[in-house]
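Values in this document were obtained by computation on a predicted structure and should not be read as measured data. Here, residue 1 is the first one in the sequence, and each next residue gets the next number. Every number for a ligand or one of its atoms is a count from 1 in the order of the listing.
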Amino acid sequence: MSDPKSRAGTVTNPVIPGFHPDPSICRVGDDYYLVCSSFEYFPGVPVFHSRDLVHWTQIGNALDRPSQLRLPPDMPSSAGIYAPTLRHHDGRFWLIVTNVGDDGNMLFTATDPAGPWSEPVRLPGVAGIDPDLAWDEDGTCWCTVAGVSQVRIDPLSGAALGEPRRLWSGTPGAQAPEAPHLYRIGDYWYLLIAEGGTERGHGVSIARGRTPSGPFEPCPANPVLTHRSTGHAIQNTGHADLVRAPDGSWWMVLLGVRPRGGTPGWHVLGRETFLAPVEWVDGWPVVGELSPDMPVPAWPLRPGPVPPVRDDFDEAGLHPRWISLRERPERLCTTEERSGWLTLHAAGASVDEPDVVFVGRRQQHLSCAARTLVDPDEGRGGLAVRLDERHHYEIEASGREVRVLARVGPLRTEVASARVPAGPVALGVEITPQPPGDPRTGPDRIAFGVEAPDGTFTALAMLDGRYLSTEVAGGFTGRVIGMYAAEGTVHFDWFDYEPLDG
Ligand code: 6LW
């Protein structure tokens with residue numbers, strides 16, 4: 001097989017930017033499908049499609065009905081939906097995932113990965129996160145979970161057929177063997193795992209055996225991928241899945257983060273999905289260079305600059321990129337009430353509340369801007385940059401007043417306020433990476449302000465982005481930018497998202 005370094009074209013990594021962790025991938029013919037974790041957001045499990053592994057389009061969310069996804073208000077942020085596995089077997093798609101803190105492991109099927117997906121099949125006999133599905137030649141279905149242990153299951157009923165068995169604990173001394181995926185490749189069964197924890201020590205290791213349940217022999221070169229202890233611009237690399245292209249080449253999708261600023265570095269977009277080439281040498285995978293501009297084969301692959309996206313809310317449904325907190329009841333969030341507008345009716349009285357009515361999209365670029373035209377005549381609401389209930393900044397309008405608010409841990413403060421003319425007001429946020437400074441320089445700056453009808457943006461406040469980073473807030477998610485109502489009824493005419501760093 002060719003040397004990846006000599007392959008033509010480049011990929012701009014991450015291939016799916018923004019909070020899209022724990023990627024799992026499968027291919028059917030020329031089509032690739034990929035899913036990610038979604039935690040406390042509804043709908044859950046975003047589903048992407050690609051023909052070249054580089055350009056991905058979101059085609060739906062697998063769990064888009066309350067009967068499939070229960071995220072109660074007392075479920076904390078960063079609980080909920082963890083680490084799906086997506087496979088195609090016997091003419092249909094299979095998705096297995098954990099709802100941490102509620103239903104545990106659940107299995108869904110679909111003939112079209114864009115949906116609809118089935119009602120959940122629960123797996124009470126399968127304990128552990130990061131479930132994987134693999135079928136052997138005689139049709140036996142093996143479910144392997146973090147730890148790493150395995151049990152045979154009946155995927156139609158969800159019944160465990162036997163007791164779980166420990167398979168492999170990963171590299172001695174490495175914490176958290178997790179994210180197992182089991183594959184039949186050539187003469188071996190390969191068990192791919194993540195280890196070292198999902199922080200800076202993260203890595204990918206592999207073992208192989210002659211049967212799906214082992215015994216497994218670890219790869220002498222483990223970890224086959226890690227950026228731990230390096231100055232690489234992409235860190236926390238791990239939680240991977242493998243796929244073979246129609247031309248026989250092999251690829252790995254994985255999560256990684258892009259810490260920025262001084263020390264210790266702050267990442268603000270959550271864990272993103274990256275692509276790396278894989279070669280097989282002596283029956284073991286060798287993972288190629290993972291860089292922001294990575295060489296890849298065959299395809300002319302550098303995606304162009306990402307255009308600004310406007311949502312006009314002129315159609316009945318919302319694009320699958322829009323996510324809400326824990327649920328999205330139509331009586332509180334609708335495009336039907338005022339034609340051409342998104343109408344939100346308040347429940348929770350601020351973005352601090354787990355039941356705040358919020359509709360947002362992931363921040364996907366280190367530098368970007370968002371704007372929305374808000375009519376606050378009947379209520380109070382605005383535009384928020386959210387990491388979780390305890391870490392968010394927002395600009396909100398009520399009557400003729402606009403206020404910028406910041407919540408960081410236990411502290412909540414009003415940062416700025418201004419009077420605006422009566423009627424709808426365009427609220428905006430601009431996010432700009434910080435130029436290098438001293439070791440304490442934060443990752444970025446977040447400016448909130450209002451936009452005049454002629455497009456002039458007047459900043460009211462400039463906030464340090466580090467407080468909306470995973471290193472400060474903790475957890476597994478990333479920033480989401482969106483609209484909310486905190487009192488009464490608030491209408492939004494449009495929402496613009498503009499990448500400023502391509
Ligand atoms: C996931 C685990 C992990 O279940 O983080 O990075 C957890 N890997 O495998 C949450 O995404």
Side-chain angles (χ1 to χ4, degrees), residues 14 16 18-25 34-41 44-46 63 71 75-86 95-106 123 126-133 143-150 167-171 174-182 191-206 223-228 234-242 252-259 267 269-274 276 290 323 362 387-388 470-471 473-480:
I16 308 182
F19 141 53
H20 292 109
D22 308 328
S24 178
I25 189 168
L34 185 149
V35 292
C36 299
S37 302
S38 49
F39 303 96
E40 72 265 31
Y41 289 95
V45 188
L63 312 187
L71 299 167
M75 172 184 279
S77 291
S78 281
I81 292 296
Y82 280 34
T85 293
L86 180 67
L95 175 75
I96 188 166
V97 69
T98 314
N99 187 350
V100 172
D102 198 66
D103 287 307
N105 287 317
M106 304 184 288
L123 297 129
V126 179
I129 58 168
D130 304 351
D132 174 75
L133 290 177
C143 182
T144 310
V145 297
V148 173
S149 67
Q150 185 185 66
L167 289 188
W168 185 37
S169 306
T171 308
Q175 65 166 330
E178 60 189 11
H181 289 303
L182 187 64
L191 178 58
L192 185 77
I193 65 164
E195 54 182 353
T198 194
E199 301 81 21
R200 296 290 190 271
H202 215 195
V204 179
S205 291
I206 196 163
V224 292
L225 171 67
T226 188
H227 287 178
R228 64 177 73 124
I234 301 163
Q235 287 289 322
N236 303 25
T237 49
H239 201 122
D241 200 2
L242 292 171
M252 175 181 277
V253 290
L254 63 136
L255 71 76
V257 307
R258 292 183 281 169
H267 74 276
L269 301 185
R271 299 168 301 160
E272 310 177 271
T273 288
F274 292 80
L290 175 67
I323 50 177
R362 291 152 171 97
L387 203 62
D388 63 20
T470 299
E471 284 76 5
F476 294 128
T477 62
R479 286 188 194 155
V480 176

With heavy-atom distances below 4.0 Å as the criterion, list the atoms of ligand 1 near [X].
{"X": "Thr198", "answer": "6 (O), 8 (N)"}
{"X": "Ala83", "answer": "4 (O)"}
{"X": "His202", "answer": "6 (O)"}
{"X": "Ile129", "answer": "4 (O)"}
{"X": "Asp22", "answer": "1 (C), 3 (C), 6 (O), 8 (N), 10 (C), 11 (O)"}

Do you see a donor-acceptor pair shorter than 3.5 Å between the side chains of [X] and [Y]?
{"X": "Arg200", "Y": "Asn236", "answer": "yes"}
{"X": "Asp22", "Y": "Ser37", "answer": "yes"}
{"X": "Thr171", "Y": "Glu195", "answer": "yes"}

When you compare ligand 1 with Asp130, is there at least one nitrogen or oxygen pair between them that comes in under 3.5 angstrom?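 Yes, since at least one N or O of Asp130 sits under 3.5 Å from an N or O of ligand 1.
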
Is there a polar contact between ligand 1 and Glu178, counting only N or O atoms under 3.5 Å apart?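 Yes - when backbone and side-chain N and O of Glu178 are compared with those of ligand 1, one distance drops under 3.5 Å.
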
Of Glu272, Gln235, His267, the residue whose pairing with Arg258 passes side-chain hydrogen bond (donor to acceptor under 3.5 Å, both in side chains):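 With Arg258 as partner, side-chain hydrogen bond (donor to acceptor under 3.5 Å, both in side chains) holds for just one option, Glu272.
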
Quick test: of every protein heavy atom, which one is nearest to atom 5 (O) of ligand 1, and how far off is it to 0.1 Å?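 So the nearest neighbour among protein heavy atoms is Arg271 NH1, 3.1 Å.
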
Is it the side chain, the backbone, both or neither of Leu255 that has a heavy atom closer than 4.0 Å to ligand 1?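 Side chain only; the backbone of Leu255 stays clear of ligand 1.
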
Minimum side-chain heavy-atom gap Trp168-Leu191 below 4.5 Å: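 A side-chain contact under 4.5 Å exists here.
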
Would you say Ser24's side chain and Leu86's backbone share a donor-acceptor pair under 3.5 angstrom?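 Yes, the answer is positive, given that a donor and an acceptor are paired below the 3.5 Å cut-off.
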
Between the side chain of Asn105 and the main-chain N/O of Val126, is any donor-acceptor distance below 3.5 Å?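 Side chain of Asn105 to backbone of Val126: a pair is present.
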
